[in-house]
Protein chains: 2
Amino acid sequence: MAGIKDIAKEAGVSISTVSYALNGSPKVTEETRSRILAIADRLGYVPNAAARMLKVKQTKIIGVFLADYGGYFYGPLLRGMRQALNEKGYELIACSGVQSHRLLLEKVIDGGIILDQAFTDEELLNYADKSYKIVVLDRELVHENIKGVLLDNITGARLAVRKLTEHKVNKLYAVTGPVGSYDSKKRMEGVREELQSFPNVELVEVQGDFLKDSGEEAARQIFANYREPIAIFCFNDEMAVGIYRYLQDKEYEIGKDVFLVGFDNIELAQYMVPRLSTISYSSYEWGSMAAHNLLKLLANEPAENEQVEVTITVGGSS
Amino acid sequence: MAGIKDIAKEAGVSISTVSYALNGSPKVTEETRSRILAIADRLGYVPNAAARMLKVKQTKIIGVFLADYGGYFYGPLLRGMRQALNEKGYELIACSGVQSHRLLLEKVIDGGIILDQAFTDEELLNYADKSYKIVVLDRELVHENIKGVLLDNITGARLAVRKLTEHKVNKLYAVTGPVGSYDSKKRMEGVREELQSFPNVELVEVQGDFLKDSGEEAARQIFANYREPIAIFCFNDEMAVGIYRYLQDKEYEIGKDVFLVGFDNIELAQYMVPRLSTISYSSYEWGSMAAHNLLKLLANEPAENEQVEVTITVGGSS
DNA sequence: CTGTTAGCGCCTTCAC
DNA sequence: GTGAAGGCGCTAACAG
């Protein structure tokens, strides 16, 4: 492993000259610089990140913390982040699980983007106090070192409810996410707000956990005492798929006996028959905004909390 | 940021004692150890990864390089890796894009798992020569520092062809992956092998790229001169979905006019109507095997190339 | 059992 | 423009 001193010896100069040359300092002749670069190249020199880190105190790596990978949802989200970061010479790595929190703590990464309930608010605020820079995608936190980029859940939920109430139904079921989920809480708020315009529609809350099985289970409960057309707002598409699954060998017809709207517009949504109506947004954009915000934080530029706009995509399910 | 010396001063001992205590060396009294730990804790001490890295020359982080995230495929794969790695005190990070290769080079990570054509064989062999430890999931490479964990593509392809040839068809279309894809190449080999038993079936190769659109495009070509029932083996499910999409407003019926088998058994496959027949395997297992193999490499234990078994999942599409 | 000390590889003031 | 020297935070001999 050729180091900076190897190439210094080879070039017959001192190591500082090499360092300057490598880092493009104007203190070295263009001529010696190119000679040094050539040698470095020939020796297959690669700077040691650990050593530089120790001195420079930044790694140019930022980490995104996810509860879980998988799901078409993450592709564009991460691509949006990576794109924005690479432009500024930063690298993106994806981390998961509580063990990986050490990467932030030990300064392996310069900043973190959080989309993972495994972090508690206290933990994050604690980091922020120690001047770690953080962008959160799944909660609202007030701290100068933390900025949020959040979905406009309220509008999304209102759009969904508005669509569902176009049909004459007396009951609207809301299949929620897990307790503690910020997105779920906000969506429920939106539902309540919008329903104020429909006082004759009864709201029934069914606890879910954003996973398909819970959607199926919710459907089981809901249809146990089905009497007349109903509306269901599933707080994400995945659970809506669970409802399709439950209904596939039942007599009820989606879009006729039951009206359904999901959230996220996952790829699967368009293949469901009938197509699932859902709340859409650009997760690429979301990722990009998150990254830009973090970059501002790192550069000590003023950063604001931001919101991701949503629209409704209407299919045959509603 | 409290450092090791701060806590040494606070405890009235030398920094080495602190270091020993922190690292659980038996050279320090249980009593002073706990006292030191208490102080470290009180001061909110967090070891600086960069400093230790520099000394210990390992980060206990391993990286997996993916062409792209997204797709349900990756969830279990990464979970399998992470599980295996965490058991041994290693962290997993997911990287993407050529820029991130530096993480391996600069020794930010102790080893790499490769599932990304963005690495050339030469590049990997070059790293291996410099004693970087690598596990590849998408190619065969012979080097003591590189081990492969590969799908049994040949068996998979043969199973698919065997299934498809149960019907009396005169033509078998193979929709391939991009040129250069190892998996695609091997699957084609399997197809050829199995077809030797069916000399009267004509093989037609259609170039794809593993993405849905190419499946749709392939279908367009294939059905341009449809005359009689045909068989299609799509080298992955995603392209098969493209074929479903193409056919959705056509007169041809999947499972009757055209028999279709995919590869990967992605989640979507089970929702297609009729259900897509496909070659299945456990990607969790795949990830786990890859991680274990890399751990062996890192521990300088003997490691072997391994193979992931596949089975066929039969749906109405064939 | 604890303290002293010498680096790990690189960057960066300082003199020259 | 170039070289010498110190130090980032931590580990691990080697003494005591």
Are [X] and [Y] ion-paired here, with the side-chain N under 4.0 Å from a carboxylate O?
X      : Y      : answer
B:E140 : B:K186 : yes
A:E306 : A:K147 : no
B:K60  : B:E91  : no

To the nearest Å, give me how far apart [atom1] ([X]) and [atom2] ([N]) are.
X     : N      : atom1 : atom2 : answer
B:K57 : D:dT11 : NZ    : P     : 14 Å
B:L54 : C:dG7  : CG    : C1'   : 9 Å
A:I7  : C:dC11 : CD1   : P     : 11 Å
A:I4  : C:dT12 : CD1   : C1'   : 11 Å
A:K9  : C:dC10 : NZ    : P     : 13 Å
A:K5  : D:dA4  : NZ    : P     : 13 Å
B:L22 : D:dC10 : CG    : P     : 9 Å
A:I36 : D:dG1  : CD1   : C1'   : 11 Å

Which is true for B:S25 with a 4.0 Å heavy-atom rule: it touches a base, it touches only sugar-phosphate, or it touches nothing?
->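 Counting heavy atoms under 4.0 Å across all strands, no contact is made by B:S25.
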If only side-chain N and O atoms of [X] are considered, is one of them under 4.0 Å from the OP1 or OP2 phosphate oxygen of [N]?
X      : N      : value
A:R52  : C:dC10 : no
A:K107 : D:dG9  : no
A:Y20  : C:dC10 : no
B:T17  : C:dG3  : yes
B:T32  : C:dT2  : yes
B:N48  : D:dC8  : no

Would you say the base of D:dG3 and the side-chain of A:S16 have a donor-acceptor pair closer than 3.5 Å?
->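 Checked by distance alone, the answer is yes.
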Does any donor-acceptor pair link the side chain of A:K55 with the base of C:dG9 at a separation under 3.5 Å?
->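 By the distance-only test, no, there is no pair.
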Side chain of B:S14: nearest nucleotide among C:dG3, C:dT13, D:dT11?
->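 Among the listed nucleotides, the one closest to the side chain of B:S14 is C:dG3.
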If you find the nucleotide of DNA chain C closest to B:A51 and the one closest to B:G12, which residue's nucleotide is nearer the 5' end?
->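 Final value for this comparison: B:G12.
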Which residue lies toward the 5' end of DNA chain C, B:I15 or B:K27, if each is placed at its nearest nucleotide?
->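 Here B:K27 is the residue nearer the 5' end.
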For the residue pair A:M81 and A:I113, establish whether any side-chain heavy-atom pair is separated by less than 4.5 Å.
->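 Heavy-atom side-chain distance check passes, below 4.5 Å.
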CD (B:E301) with more than 12 external heavy atoms under 6.0 Å |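 It does: B:E301 CD has more than 12 such atoms within range.
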